[in-house]
Amino acid sequence: MSENINVYQPAVAFLTLGCKVNSYDSEAMMEIFEGAGYQVVDFADFADVYVINTCTVTHLGDRKSRQMMRKARRRNPEAIIVATGCYAQVAPEEVMAIEEVDLILGTQKRRQILDFIEAHRQDQSRSNFVSDIMAGRDYEDLTITENKGKTRAFLKVQEGCNRFCTYCIIPYARGPIRSRAIASVVQEVKRLVDNGFKEMVLTGIHIASYGVDMAEDVDLMDLIAAVDGVPGVERIRLGSLEPLLLTEDFVKRLAAIPSLCPHFHLSLQSGCDTVLARMGRRYTTDQYAEIVDRVRRYFDRPAITTDIMVGFPGETEAEFQTTLDFVKKIGFYQVHAFKYSRRKGTKAADFPDQVDEQIKNQRAQALAQAALACETAFLKANDGTVAEVLFERHHKDGFYEGHTRNYIPVILKTDEKIDGKILKIGVLYNKSELHMTGKLE
């Protein structure tokens, strides 16, 4: 009789900070570990390896990253602690000064993570593998074969940014534009469709620049058309877009893509032209307003969402009021309001007239109130309409939650199992919550 032999399965835990691109990178690395026999556990659990995928958009991201590195060491003093992501890329010396960290990867060489870990096991030396991101020209093809526990699949299609806005550290953390081959994207989309996914979200650091680095003459529209051509894809949603991408021709072609969701996240940053100029943004508020009008001509009730920064160096009360007025004029669906964070290495870090933190807080609150009024108005404008809803989550109380094509959350109570299904639903504005209540048509 053979004996049962328990083989130890090593565990890895991830903590991901920041954007959807970071989340994609983490999931891709998880699959690398799983392929090598690791089990992925919660970051709060005991693990043999902890990977902290860091963010550096704000100083709070830096601080949280450092806290998580130290917390991981406390959970298992013998674990291997790996720092990757944007903060590790732009400040490797700072991260090396954190004695709890064993390995630093930055935003490159993630596919080699297991090799670095095995080398560390052999020699126990702390190592910094961060290299010059500006010298990188090849797209690191991290891929995901299975989006765990999700209905909407995020696909990273592009890396890097060449805009160098005066406040932004990301080009220094992510490097120049590198685009993922269309064939690679399509292959991943086919796998996701086979796994039951109906909606694909194309994301990257600056997806408007997709294709500019490639030898062949392709752009973002070519990529969207290729994804739309995969049988089984019912929805395509786009990540944050550079507003100037949306020319008359581009929007007209987008409107002809059957699966394209009318949800456009057009990064604004400020509703005041003088602030936009100091930020190094390449459009004016008049141009932005014209682009929004164009989108609304081609799409029925499109969701226009955006990011706006308050407290940029030199921002006066009058300039901030101009931004508030512009927000109300555009009538956004949602606004992500955030405070300017001084980032060493950016031009704006050395600008005069840095705004007091208390003033930033006051402006962020005022902007949030204006944004809430806009969101409420958008939901009311969709009250009583019939919409296609992709249901994504089931709550224990019998409710399902999903989103319309223009990204309105809808709650529906039903005994039918509908997670992962797209249904035509009558949507009614819920006055007590920022969502719609659904009724089966």
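Being a predicted model, the structure only gives us computed values, none of them experimental.
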From [atom1] ([X]) to [atom2] ([Y]), nearest 0.5 Å:
X	Y	atom1	atom2	value
L367	L372	CG	CG	11.5 Å
H263	N406	NE2	CG	8.5 Å
R363	Q321	CZ	CD	10.5 Å
L192	I144	CG	CD1	8.0 Å
Y210	L245	OH	CG	14.0 Å
F197	E188	CZ	CD	10.0 Å

In terms of side-chain heavy atoms, does [X] have a donor or acceptor partner in [Y] at a distance below 3.5 Å?
X	Y	answer
E319	T274	yes
Q269	S267	yes
Q365	N361	no

Enclosure of [X] [atom1] (heavy-atom neighbours >12, cutoff 6.0 Å):
X	atom1	answer
R126	CZ	yes
E99	CD	no
K347	NZ	no

So, for [X] and [Y], is the gap between ring centers shorter than 6.0 Å?
X	Y	answer
F332	F378	no
Y340	F312	yes
F14	Y50	no

Original post:
What residues, two or more places apart in sequence or in another chain, satisfy side chain to side chain donor-acceptor pair (under 3.5 Å) together with H336?
Top reply: D307
Original post:
Considering residues at least two apart in sequence or located in another chain, which fulfil the side chain to side chain donor-acceptor pair (under 3.5 Å) criterion with T143?
Top reply: none
Does [X] come within less than 4.0 Å of [Y], counting only side-chain N to carboxylate O?
X	Y	value
R152	E199	yes
D419	R393	no
R73	E100	no
E140	R178	no
E159	R180	no

What side chain to side chain donor-acceptor pair (under 3.5 Å) pairs are there with at least one residue in [range], not counting sequence neighbours?
range	value
residues 372-381	Q334-E375
residues 130-139	Q108-S131
residues 348-358	K339-E357

Original post:
Which residue pairs satisfy the salt bridge (charged side-chain N to carboxylate O under 4.0 Å, His left out) criterion with at least one member in residues 243-266, sequence neighbours excluded?
Top reply: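 Found E248-R294, E248-R297, D249-R253.
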Original post:
Does any pair with a residue in residues 215-229 pass salt bridge (charged side-chain N to carboxylate O under 4.0 Å, His left out), and if so which ones, sequence neighbours excluded?
Top reply: none
Please set out all donor-acceptor pairs under 3.5 angstrom arising from side-chain atoms of residues 52-61, sequence neighbours excluded.
residue: N53; atom: ND2; partner: N22; partner atom: O; Å: 3.1
residue: N53; atom: ND2; partner: S26; partner atom: OG; Å: 2.9
residue: T54; atom: OG1; partner: T84; partner atom: O; Å: 2.8
residue: T54; atom: OG1; partner: Y87; partner atom: N; Å: 3.1
residue: T54; atom: OG1; partner: A88; partner atom: N; Å: 3.2
residue: T56; atom: OG1; partner: D62; partner atom: OD1; Å: 2.8
residue: T56; atom: OG1; partner: R343; partner atom: NH1; Å: 3.2
residue: T58; atom: OG1; partner: L60; partner atom: N; Å: 3.3
residue: T58; atom: OG1; partner: G61; partner atom: N; Å: 3.2
residue: H59; atom: ND1; partner: S341; partner atom: OG; Å: 3.0

Find out whether [X] and [Y] are in side-chain contact, i.e. whether some heavy atom of one side chain is under 4.5 Å from a heavy atom of the other.
X	Y	answer
Q158	I177	yes
R237	M200	no
V218	L223	no
S270	I308	no
L390	H403	no
T346	Y167	no
Y400	I411	no
R163	C168	no

**OP:** Could you point out which residue of L105, I80, V82 forms a side-chain contact (heavy atoms from CB on, under 4.5 Å) with V51?
**Re:** V82
Has [X] got a side-chain atom pairing as donor or acceptor with [Y]'s backbone, closer than 3.5 angstrom?
X	Y	answer
E315	G311	yes
K198	G420	yes
D213	S179	yes
S259	R235	no

Closest heavy-atom pair and its distance - [X], [Y]:
X	Y	value
I304	V295	CD1-CG1, 3.9 Å
S184	D141	OG-OD2, 2.9 Å
V233	V227	CG2-O, 3.6 Å

**OP:** If the plane angle is over 60° it's perpendicular, under 30° parallel, otherwise tilted; pick one for Y288 and F326.
**Re:**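 Perpendicular: the ring planes of Y288 and F326 meet at over 60°.
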Subject >> Steps toward side chain to side chain contact (heavy atoms under 4.5 Å, CB included) verdict (E234, I422) >> reply: CA-CA 9 Å; E234 297 193 38; I422 296 178; 3.5 Å; yes
**OP:** Take V335 and C374, measure what side chain to side chain contact (heavy atoms under 4.5 Å, CB included) needs, and give me the verdict at the end.
**Re:** CA-CA 9 Å; V335 175; C374 290; 5.8 Å; no
Taking salt bridge (Lys or Arg N to Asp or Glu O under 4.0 Å) as the test, write out the residues that go with [X], two or more places apart.
X	result
D293	none
R281	none
R405	none
R63	none

**OP:** Let me see the working for V389 and L412 under side chain to side chain contact (heavy atoms under 4.5 Å, CB included), right down to the final yes or no.
**Re:** CA-CA 10 Å; V389 179; L412 177 70; over 6 Å; no
